[in-house]
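See below for the structure under consideration.
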Amino acid sequence: MWSGFSLLTVAAAVTFFCRISLIDGCNKALCASDVSKCLIQKLCHCHPSKENCSCCKECMLCLGTLWDICCDCVGMCHPRNYTDTPPTKKSTVEDLHDPIPSLFQALTEGETQLNWNIVSFPVTEELSYHESLVSFLETVNQHRQPNVSVNSNGAHIPYNNEKDHMCTVVYFDDCMSIHQCKVSCESMGASKYRWFHNACCECIGPECIDYGSKTVKCMNCMF
């Protein structure tokens, strides 16, 4: 025989799965257990409106640390758009003051047992993107008023084709904050850094024209 509570539990669980199957953004694998618990306790049965959200706080407390991930499963926040640009495709870049090229070059020569990955590639890979950006800026500048100019930051960078210049970058294996990324790259004597929004850190050497590679290659921080 089913007890009243057991029947209620099953009914709530069935209702939950039927409900979240219509919500594309809900992370069912991670949220199912905790959201079911909160629904069974009737802590997440209201919906926020402009004037009122009677159960929102109780629902948040019930979900606890999973609130950010699971609030869309109970209709408390907007469903996540997983078609957005992934964090590995977004990054923040910055020039570093007083780089030390000789230090960077010494640290990146040969093999290393440290927790980073050294990657080198032809500067021409950066140059192709850089020249495309310059061409775009010059086109914009031509269509502006005569007394307005676009600063292309010294766009035409001379390149000696007789020497195969290489851009060397360093990826730290582990994820780190943007502040730690900047500090770590400064301690290596790097010229610039790129911090991907998945917390992968890339230090960029003095031979690089742009901001290194746009591909995440941190061994333990890929997603």
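What you are looking at is a predicted structure, and each value in this text was computed from that prediction instead of being measured. Position 1 is the first residue of the sequence; numbering continues from there.
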Should the SG of Cys200 and the SG of Cys221 be checked, would they turn out to be under 2.5 Å apart?
no

Is it the case that one hydrophobic cluster holds both Tyr211 and Val119, taking links as side-chain heavy atoms less than 4.5 Å apart, direct or via other members?
yes

Determine whether the interatomic SG-SG distance for Cys38 and Cys62 falls below 2.5 angstrom.
yes

Glu58 and Ser54: which non-hydrogen atoms are nearest, and at how many Å?
OE1-O, 3.4 Å

Have Asp174 and Asn220 got a donor and an acceptor in their side chains that come within less than 3.5 Å?
yes

Separation of Leu63 CG from Cys70 SG (nearest 0.5 Å)
6.0 Å

May I ask you to check whether Thr168 and Thr108 show a side-chain donor-acceptor distance below 3.5 Å?
no

Once you find the SG atom in Cys201 and the one in Cys181, is the distance between them below 2.5 Å?
yes

List the atom of Pro99, the atom of Gly189, and the distance in Å for their closest heavy-atom pair.
CB-O, 3.7 Å

Can you get from Leu61 to Leu43 by hopping between Ile, Leu, Val, Met, Phe, Trp and Tyr side chains that sit under 4.5 Å apart?
no

Heavy atoms, side chains only, cut-off 4.5 Å: are Cys55 and Met76 in contact?
yes

Look at the side-chain heavy atoms of Ile, Leu, Val, Met, Phe, Trp and Tyr, link any pair under 4.5 Å apart, and say whether Val170 and Phe196 land in one connected group.
no

Just do the side chain to side chain contact (heavy atoms under 4.5 Å, CB included) check on Lys214 and Ser91 with the steps written out, would you?
CA-CA 8 Å; Lys214 298 175 180 64; Ser91 59; over 6 Å; no

Does CE belonging to Met222 count more than 12 external heavy atoms closer than 6.0 Å?
yes

So, does Lys192 use its side chain to make a donor-acceptor pair with the main chain of Asp210 at under 3.5 Å?
yes

With clusters defined by side-chain heavy atoms of hydrophobic residues (ILVMFWY) lying less than 4.5 Å apart, directly or transitively, does Phe172 cluster with Ile118?
yes

OG on Ser36 to CD on Gln41, rounded to 0.5 Å
11.0 Å

Evaluate the pair Cys73, Cys31 and indicate whether the two SG atoms are within a distance below 2.5 Å.
no

For the CD atom of Gln180 and the SG atom of Cys185, what is their distance to the nearest 0.5 Å?
9.5 Å

For the backbone of Val93 and the side chain of Arg194, can you confirm whether one donor and one acceptor N or O come within less than 3.5 Å of each other?
no

Once you round to the nearest 0.5 Å, how far does NZ of Lys89 lie from CG of Asn198?
11.0 Å

Trp116 reachable from Ile100 in the ILVMFWY side-chain graph, under 4.5 Å edges
yes

Compare every heavy atom of Pro206 with every heavy atom of Pro101, then report the nearest pair and how far apart it is.
CB-CG, 3.8 Å

Under a plain distance cut-off of 3.5 Å, with no hydrogens placed, do Glu202 and Tyr193 share a side-chain donor-acceptor pair?
no

Is any side-chain heavy atom of Ser191 closer than 4.5 Å to a side-chain heavy atom of Leu96?
no

If every non-hydrogen atom of Phe104 is compared with every non-hydrogen atom of Val169, which pair is closest and at what distance?
CZ-CA, 4.5 Å

Cys175 and Cys218 SG atoms less than 2.5 angstrom apart
no

Report yes if some heavy atom in the side chain of Val123 is under 4.5 Å from a heavy atom in the side chain of Met166; otherwise report no.
no

Pair Ser213, Tyr171: side-chain N/O donor-acceptor within cut-off below 3.5 Å
yes

Worked check of disulfide (SG to SG under 2.5 Å) between Cys208 and Cys167:
CA-CA 5 Å; Cys208 303; Cys167 170; 1.9 Å; yes

Between His165 (side chain) and Pro122 (backbone), is there a donor-acceptor pair under 3.5 Å?
no

Looking only at side-chain N and O atoms, does Thr92 offer a donor or acceptor that is under 3.5 Å from a partner on His197?
yes

Locate the shortest heavy-atom distance separating Thr88 from Val216; write the atom from each residue and the value.
O-CG2, 3.6 Å

Measuring from atom NE2 of His47 to atom SG of Cys56, what distance do you get when rounded to the nearest 0.5 angstrom?
10.0 Å

